[in-house]
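The figures here come from the full heavy-atom set of this structure, side chains too, leaving out hydrogens, waters and symmetry mates. No experiment lies behind these values; they were computed from the predicted model shown.
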Amino acid sequence: MKLIKYTISIGLIGLLTSCQNYLDVKPLESISDAQTIYDKTSSETAIRGVYSALASTNYYGTTFQSIGYLSGDNIQWTGSQSQVQEFINKKVNADNSTIASAWTAIYVTINRANNVIAKVPTVTDPALTTDLKNQILGEAYFIRALAYFDLARTWGGVPLITKPTASPTENRGIARSTQAETYAQVLADLTTAEPLLSATTNRYRATRKTVWALRARYHLYQKEWDKAEEYATKLISDNASYQLVKPYSAFFANDARGTAESVFEIFYSANETNTHRNQWQPQTNGGTRQWAPNDALVALLNDPKVGGGRSALVAKDNQNRWYGNLYYRTPAADPTYVIRIAELYLIRAEAEANQNKLTAALADLNAIRSRAGIDASTAQTKEQILLGIENERRLEFALEPHRWFDVVRTGRAATVFNVTDNNRLLLPLPAGELLIDKALVQNTGY
C-alpha cells in the first residue's frame, strides 16, 4: 500500500457538536497516513482523517457500496464498461478495477485507524483528557472493525494488519488469515471499542450505541441469533433516540439528514461531496445515471401492496426512464446511510424467527411494513416469515448495499441469483495485489 497524502476537511464530519453545524466548513488541511500525533489537536485531526478515509469515493462514498447492490438483483448497469457489468453477471474477474479501488480504500482506512490506535495512547498533552482519548480510540477501533467486517464478507479471509504502515513495503509478506479469523478481529475491535465510548446518541460519529448496532449485524452474519437479538434490542428499545420515521421517505427527502431513523450515517457537504449522487441521477439533473433500478425492482416498489411509500426511491426523467432518487441533492451533500434503525428491526426479526419466536418476529417485520404503508404480513410458519424478511429487506434497502450480502449469507444465492458456483460468493483478490505480494493466495475458483 503506498504512503500517500490525503486531503480532508475538518467539516467533513462536521459533527463534533451537532448536524446543525454542517455548513460551517473550515479550510482543507493535509494529513498523511503516517500522521504525527503528539497533542490534543493532532489527535483530533488524526481521527477526522480516519472518518475521511471511510467517506472516500472508493469506500462508502461510492465504490464499495456499488459492489453490494450491483451484485444483487435490483440494479441495472446503463453504461458500457464491461467491468461494471461483471457484478450484474455475477462473474467478477481479478483484474476488475472496482474491486482493486475498494480494497485499497479499505486498507487506507485501516492504516489510519492503526495510526490512531498506536499513537494516541502515548500522547501526554493535558488537554487530551482521558475521556477524550478514550473516545478517539474507541472510534478508531469501531471504524477498523467495520473495515475488516466489509473485507471479510466481500473477500473472505484477508491479511490482518493492526500496526501502522511506516513504509510502502512494510506489510508485504503477510499471509491471509481465514475468514473466521478476520471476523474474530472484528469482534475483538468492537469489544475493545465498547467500554471506551459513551452511550450517547451521535448519528455521525461512533458511540457505544453504534458499536451495539454493528455487533447486531455481526452476530446476524455469524448466525448467533440470541446475540443478534440482544444487540438489536439495545437500539430498538431506545425509542427516545431511534424511531422508524414516517413516511418512509422522511429519513432522506427534503434535504433531511440525521433523523431519528439514522444510527450511523456519513456526513458530506457542498465542499466535500458524495459522488454517489452523480451515478444515480439522470442527465437532466446533472448526473450520468450510470446505474438505475431494473424493471423488477420498479414494479415491486410501485406496487402499493408491496412497495408502499418506498416508491419514493424511484422517479422518472424527461425521457420516461426510471432512476434512483435516494441520492439527489445539489450540490451532492447527500449522507451515506451506513446503519438505519430499520435494519435493527429486521435483524431482530430474523434472529427471533430462527429461534422460533414467531410472534415476536412477525411484530418486528410488521413494524417495517406498517412504516412503509402496507398491510401486515400473512406469514405463519418460520420459513414463510424468513422469506418475508428477505423480501422486505430487498425493498427497504433497495438502493443501499445489502441485497447481495443478504442472499449470500443466508445460503440462497443459487435459488435467488442462480449462482451455483459457491466460489463466486466471494470476490477475487485484486490481481495487482497478488503481483506485488507473493504471500497472497487467490480465492478458489479465480
Side-chain angles (χ1 to χ4, degrees), residues 1 53-75 83-84 86-111 113 143-161 174 176-187 189-190 214 217-218 220-222 266 276 336 338-339 343 393 397 400-413 416-417 419 421-434 437 440-446:
M1 190 184 311
L54 183 70
S56 67
T57 295
N58 285 327
Y59 196 3
Y60 271 91
T62 304
T63 304
F64 173 74
Q65 286 210 101
S66 75
I67 292 173
Y69 50 70
L70 290 174
S71 299
D73 54 357
N74 284 339
I75 308 303
Q83 290 198 359
V84 178
E86 289 176 7
F87 294 100
I88 304 289
N89 296 341
K90 318 293 188 291
K91 292 182 178 179
V92 180
N93 294 314
D95 62 356
N96 187 292
S97 61
T98 296
I99 62 170
S101 297
W103 174 280
T104 299
I106 295 174
Y107 271 108
V108 166
T109 305
I110 289 170
N111 194 48
I143 294 174
R144 191 172 76 177
L146 177 59
Y148 274 120
F149 179 85
D150 289 336
L151 287 169
R153 62 178 173 159
T154 307
W155 285 279
V158 298
L160 294 178
I161 300 168
I174 299 177
R176 297 177 63 182
S177 297
T178 65
Q179 186 178 51
E181 289 167 338
T182 306
Y183 274 127
Q185 181 65 51
V186 174
L187 182 58
D189 282 347
L190 290 175
L214 186 55
R217 186 191 287 178
Y218 164 86
L220 185 78
Y221 273 66
Q222 302 306 306
I266 298 176
H276 233 81
T336 287
V338 182
I339 307 175
E343 182 185 354
R393 287 183 69 100
F397 310 116
E400 296 166 76
H402 291 276
R403 178 64 171 169
W404 167 254
F405 298 113
D406 282 341
V407 174
V408 168
R409 69 176 173 77
T410 55
R412 285 181 37 80
V416 178
F417 298 147
V419 177
D421 181 358
N422 286 338
N423 292 324
R424 291 285 168 176
L425 302 183
L426 293 175
L427 294 186
L429 270 64
E433 297 295 326
L434 275 70
D437 192 345
L440 294 180
V441 177
Q442 185 57 277
N443 278 328
T444 303
Y446 291 97

Original post:
Tell me the salt bridge (charged side-chain N to carboxylate O under 4.0 Å, His left out) pairs involving residues 144-161, sequence neighbours left out?
Top reply: Arg144-Asp189, Asp150-Arg153

**OP:** Could you list the residues that satisfy side chain to side chain contact (heavy atoms under 4.5 Å, CB included) with Leu426, not counting sequence neighbours?
**Re:** Gln179, Asn443

Original post:
So which pairs with a foot in residues 93-102 pass salt bridge (charged side-chain N to carboxylate O under 4.0 Å, His left out), sequence neighbours left out?
Top reply: none

Subject >> Contacts of type ring pair (Phe, Tyr, Trp, His ring centres under 6.0 Å), residue Phe64, not counting sequence neighbours >> reply: Tyr59, Tyr60

Original post:
Quick one: ring pair (Phe, Tyr, Trp, His ring centres under 6.0 Å) partners of Trp404, sequence neighbours excluded?
Top reply: Phe417

**OP:** Measure the shortest side-chain to side-chain distance between Lys90 and Asp421 over non-hydrogen atoms and say whether it is less than 4.5 angstrom.
**Re:** no

Subject >> Nearest heavy-atom neighbours spanning Asn423 and Gly445 >> reply: ND2-CA, 3.8 Å

Original post:
Can you list the residues that meet the side-chain hydrogen bond (donor to acceptor under 3.5 Å, both in side chains) rule with Arg412, with sequence neighbours excluded?
Top reply: Glu390

Original post:
Taking the side chain as C-beta and beyond, is there a heavy-atom pair between Asp437 and Glu433 under 4.5 Å?
Top reply: no

**OP:** Tell me, please, which residues at least two apart from Asp73 pass salt bridge (Lys or Arg N to Asp or Glu O under 4.0 Å).
**Re:** Arg394, Arg403

Original post:
Tyr183: what forms a ring pair (Phe, Tyr, Trp, His ring centres under 6.0 Å) with it, not counting sequence neighbours?
Top reply: Phe149

Subject >> Residues forming a side chain to side chain contact (heavy atoms under 4.5 Å, CB included) with Thr98, sequence neighbours excluded >> reply: Thr63, Ser66, Ile67, Phe87, Asn96

Original post:
Are the side chain of Thr62 and the backbone N or O of His276 linked by a donor-acceptor pair below 3.5 Å?
Top reply: yes

Original post:
Can you name the side-chain hydrogen bond (donor to acceptor under 3.5 Å, both in side chains) partners of Gln222, sequence neighbours left out?
Top reply: none

**OP:** Could you tell me which residues satisfy side-chain hydrogen bond (donor to acceptor under 3.5 Å, both in side chains) with Asn93, sequence neighbours excluded, listed by chain and number?
**Re:** Glu86

Original post:
Taking only residues two or more places apart in sequence, or in another chain, which ones meet Arg217 in a side-chain hydrogen bond (donor to acceptor under 3.5 Å, both in side chains)?
Top reply: Glu343

